[in-house]
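Okay, structure first, notes after.
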Amino acid sequence: MLSRRWAMVGATVSAAAASLVLSACSGGGAEPTIPATTSAAAPTSPSSPSATPSPERTIDASRWCAAGTVKDGDLTLDFGKPTTATGDEWAESLGRTWRAYVPVTVTNELDVPCMFDLNLDVAIDGVSGREDVRVPLQPGQSYRFQAFDLTELVELADAKDGVAGHEVTTGQTGSQRNPLIDDYYELEAEVGEIEGEGKDAVLPVSVELGAVRAGMPRHTGSVEYLTVVGLDAQGDVVTKAFHETEGKAEFGGRIDVRIPISGGDSSGTTRNQVPLSVYDDVVEYKVYLQPNQTEINDLFADK
């Protein structure tokens, strides 16, 4: 397994912010600039014939996708042919020696980074199931994963035949997108080697947190989202580990977590969609840390 360490360092936020001017994106296009709050000018006096206005705090929200419902053209979903896997920790966690699933690839078709919350649907012989997927994607980047535990929905004969003779339909409804603010904090992150085996495997991750970078929207949430993606040689996402902090991050603090990563397991309500064997394809890790909510989520939802 890989152990990677890198630093992301930038300027700190100015404390002299007095007003707010935002611009947003929807799809790949920018929305008109929307003034939000504006501070009053300093009072005048006989000895001060003119007042100096306070400086503006400008946020270029067109750098990220707007919060809201996924629209046509935002992403591409490719559902593959249902198949089976045998003898991995994911099947073991289901109490089986094999499992059946649908391979899926999602690609970000926007020209900005985006956090996608996908709501995927499946029906096999009329029995419905779903898969919720949260993944951060850069423009043009894809995530390959294994969706659905089909063996949990209907009785399948064996691994050899799999879903042969069964009717399987797939789709997505009500998927959401949120800004992926991939440089919100100054931070240093280290991803260690996988600890444990099988369904007990975890990925150790340490993050040393600095200040909020300049030009970032205000934190209006209550927790942070920590996501570690493993990239293959083509730069696409092949593994994903997610952790939600118990509260807001402390500047100058440190986050040390061991995230469950075995296929089918979950951290909080976010499930893993690949077996451990896929970690062999990882050549680089990328660590994202951002608020679960910022002011641009509130101002530009569904713009």
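This is a predicted model, so every value here is computed, not measured.
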Close side-chain approach of [X] to [Y], heavy-atom, < 4.5 Å:
{"X": "Q146", "Y": "R99", "result": "yes"}
{"X": "K81", "Y": "P103", "result": "no"}
{"X": "I194", "Y": "Y279", "result": "yes"}
{"X": "V212", "Y": "Y184", "result": "yes"}
{"X": "V133", "Y": "F145", "result": "yes"}
{"X": "W64", "Y": "L180", "result": "no"}
{"X": "P291", "Y": "T220", "result": "no"}
{"X": "V191", "Y": "V228", "result": "yes"}

Please check this pair: side chain of [X] against backbone of [Y], looking for a donor-acceptor N/O pair closer than 3.5 Å.
{"X": "D161", "Y": "D158", "value": "no"}
{"X": "E224", "Y": "A249", "value": "yes"}
{"X": "N272", "Y": "P260", "value": "yes"}
{"X": "T239", "Y": "G230", "value": "yes"}
{"X": "Q290", "Y": "P179", "value": "yes"}
{"X": "S206", "Y": "E190", "value": "no"}
{"X": "R258", "Y": "V202", "value": "no"}
{"X": "D265", "Y": "S262", "value": "no"}
{"X": "N292", "Y": "S222", "value": "yes"}
{"X": "D232", "Y": "V238", "value": "no"}

| field | Check against side chain to side chain donor-acceptor pair (under 3.5 Å), S128 and D121 | value | CA-CA 7 Å; S128 298; D121 303 310; over 6 Å; no
Taking all non-hydrogen atoms of both residues into account, name the closest pair between [X] and [Y] and its distance.
{"X": "F79", "Y": "T170", "value": "CG-OG1, 3.3 Å"}
{"X": "L203", "Y": "A241", "value": "CD2-CB, 4.4 Å"}
{"X": "E195", "Y": "P204", "value": "OE2-CG, 3.7 Å"}
{"X": "A159", "Y": "T84", "value": "O-OG1, 3.2 Å"}
{"X": "S175", "Y": "N119", "value": "OG-N, 3.0 Å"}
{"X": "D88", "Y": "P275", "value": "OD2-CB, 3.8 Å"}

| message | Would you say that more than 12 heavy atoms from the other residues, nucleotides or ligands in this model lie under 6.0 Å from the CG of D72, or not? | response |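 Result for CG/D72: open.
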Joint hydrophobic cluster, [X] plus [Y], side-chain heavy atoms closer than 4.5 Å:
{"X": "V168", "Y": "V127", "result": "yes"}
{"X": "M216", "Y": "F251", "result": "yes"}
{"X": "L137", "Y": "Y225", "result": "no"}
{"X": "F242", "Y": "V106", "result": "no"}

Interatomic spacing from [atom1] in [X] to [atom2] in [Y] - rounded to 0.5 Å:
{"X": "L77", "Y": "D74", "atom1": "CG", "atom2": "CG", "answer": "11.0 Å"}
{"X": "R144", "Y": "T105", "atom1": "CZ", "atom2": "OG1", "answer": "6.5 Å"}
{"X": "N178", "Y": "I181", "atom1": "CG", "atom2": "CD1", "answer": "9.5 Å"}
{"X": "E92", "Y": "K199", "atom1": "CD", "atom2": "NZ", "answer": "5.5 Å"}
{"X": "Y185", "Y": "L187", "atom1": "OH", "atom2": "CG", "answer": "9.5 Å"}

Lys/Arg-Asp/Glu bridge criterion (N-O < 4.0 Å) met for [X], [Y]:
{"X": "R254", "Y": "E208", "result": "yes"}
{"X": "R218", "Y": "E295", "result": "yes"}
{"X": "R134", "Y": "D132", "result": "no"}

Distance alone, cut at 3.5 Å: any donor-acceptor contact between the side chains of [X] and [Y]?
{"X": "T151", "Y": "D149", "result": "no"}
{"X": "Q293", "Y": "H219", "result": "no"}
{"X": "T107", "Y": "S142", "result": "yes"}
{"X": "Q273", "Y": "Y101", "result": "no"}

| query | Going through the checks in order, is the side-chain contact (heavy atoms from CB on, under 4.5 Å) test met by Q172 and L118? | reply | CA-CA 7 Å; Q172 70 88 22; L118 307 177; 5.7 Å; no
| task | Starting from L94, walk the hydrophobic network (Ile, Leu, Val, Met, Phe, Trp, Tyr; side-chain heavy atoms closer than 4.5 Å) and list everyone else you reach, by chain and number. | result |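 Joined to L94, directly or through intermediates: W90.
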| Residues V282, L231; criterion side-chain contact (heavy atoms from CB on, under 4.5 Å); working and verdict | CA-CA 5 Å; V282 175; L231 307 180; 6.0 Å; no
| message | Working note: L156 + H166, criterion side-chain contact (heavy atoms from CB on, under 4.5 Å); need CA distance, chi angles, decisive distance, verdict. | response | CA-CA 9 Å; L156 301 175; H166 297 269; 3.6 Å; yes
| In a check of side chain to side chain donor-acceptor pair (under 3.5 Å) between D182 and each of Q138, R63, K286, which one passes? |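 That would be Q138.
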| V207 vs L226, side-chain contact (heavy atoms from CB on, under 4.5 Å): CA-CA, chis, key distance, verdict | CA-CA 9 Å; V207 177; L226 172 64; 4.1 Å; yes
